[in-house]
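Side-chain atoms are counted along with the backbone in the values below, which use heavy atoms only and exclude waters and symmetry mates.
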Amino acid sequence: MVGGYLAEIDGAVERDFIKSFLSTHASKFQYVITGGTDEDKEGAWVNRCSETQVAPLWFIGQPDNFQGSQNCRSFLKENGWVLADNSCVSNSRDVGFSCEVTDDSTQFISL
């Protein structure tokens, strides 16, 4: 509706900003999906919107493709909103989505 897309985490400053935002505003979620994915080719992580390579800001031991079904980059509440791979599909209400909207030079994050 406002031209947004799943958030693309481009660096440590942006990652840390979103982690802080999630710590304050996302307590009801267990994980929050971002725009990074390796659905097309396992291990080749790209951002959905820009089709650029995902910045290597993963938590230790991630991505691990646990049980062969984790293809979306997400912030996990466990361990303090760290970046890890997770399932892209869930019917649970404890999953959120982090989106960004670019309006000229300003970016906004929403859940």
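For Ala55, the side-chain contact (heavy atoms from CB on, under 4.5 Å) test picks out Leu57, with sequence neighbours left out. Scored by the side chain to side chain donor-acceptor pair (under 3.5 Å) test, Asn71 finds no partners at all (sequence neighbours excluded). In this structure Cys88 satisfies the disulfide (SG to SG under 2.5 Å) test together with Cys72, sequence neighbours excluded. Evaluation of the side chain to side chain donor-acceptor pair (under 3.5 Å) rule for Glu8 yields Ser50 as partners, not counting sequence neighbours. Scanning for side chain to side chain donor-acceptor pair (under 3.5 Å) contacts around Thr24 gives an empty result, with sequence neighbours left out. With sequence neighbours excluded, the residues that form a side chain to side chain donor-acceptor pair (under 3.5 Å) with Asn65 are Glu42.
Between Glu14 atom CD and Glu100 atom CD the span is 5.5 Å, to the nearest 0.5 Å. To the nearest 0.5 Å, atom NE2 of residue His25 and atom OG of residue Ser20 are 8.0 Å apart. Summarising the geometry, atom OG1 belonging to Thr52 is positioned 6.5 Å from atom CG belonging to Asp10; distances are rounded to the nearest 0.5 Å.
Side-chain contact between Arg73 and Thr37 is absent, with no heavy atoms from C-beta onward closer than 4.5 Å. At least one side-chain heavy atom of Val95 sits under 4.5 Å from a side-chain heavy atom of Ile33.
Between Ser74 and Tyr31, the shortest heavy-atom contact is OG-CD1, 3.7 Å. Of all heavy-atom pairs spanning Gly80 and Lys19, the tightest one is O-CE, 3.3 Å. Contact record, Asp64 with Gln70: OD1-OE1, 2.9 Å, taken as the closest heavy-atom pair. Across all their heavy atoms, Thr34 and Ala7 have their closest contact at CB-O, 3.4 Å.
With Ser98 as the fixed residue, the side chain to side chain contact (heavy atoms under 4.5 Å, CB included) test singles out one of Ile9, Val32, Leu6: Val32.
The ring-ring contact (aromatic ring centres under 6.0 Å, His included) analysis of residues 43-67, with sequence neighbours excluded, yields the pairs Trp45-Trp58. Within the structure, side-chain hydrogen bond (donor to acceptor under 3.5 Å, both in side chains) contacts touching residues 78-91 (residues at least two apart or in different chains) do not occur. Every pair passing salt bridge (charged side-chain N to carboxylate O under 4.0 Å, His left out) that includes a residue from residues 48-61 is listed here, sequence neighbours excluded: Glu39-Arg48.
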Check against side chain to side chain contact (heavy atoms under 4.5 Å, CB included), Arg93 and Phe29:
CA-CA 7 Å; Arg93 291 184 180 202; Phe29 300 117; over 6 Å; no

How far apart are the C-alpha atoms of Leu76 and Gln30, what are their side-chain angles, what is the distance that settles it, and do they pass the side chain to side chain contact (heavy atoms under 4.5 Å, CB included) test?
CA-CA 6 Å; Leu76 299 182; Gln30 293 304 310; over 6 Å; no

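In terms of hydrophobic clustering, with Ile, Leu, Val, Met, Phe, Trp and Tyr side chains grouped at heavy-atom distances under 4.5 Å, Phe17 and Leu83 are assigned to a common cluster.
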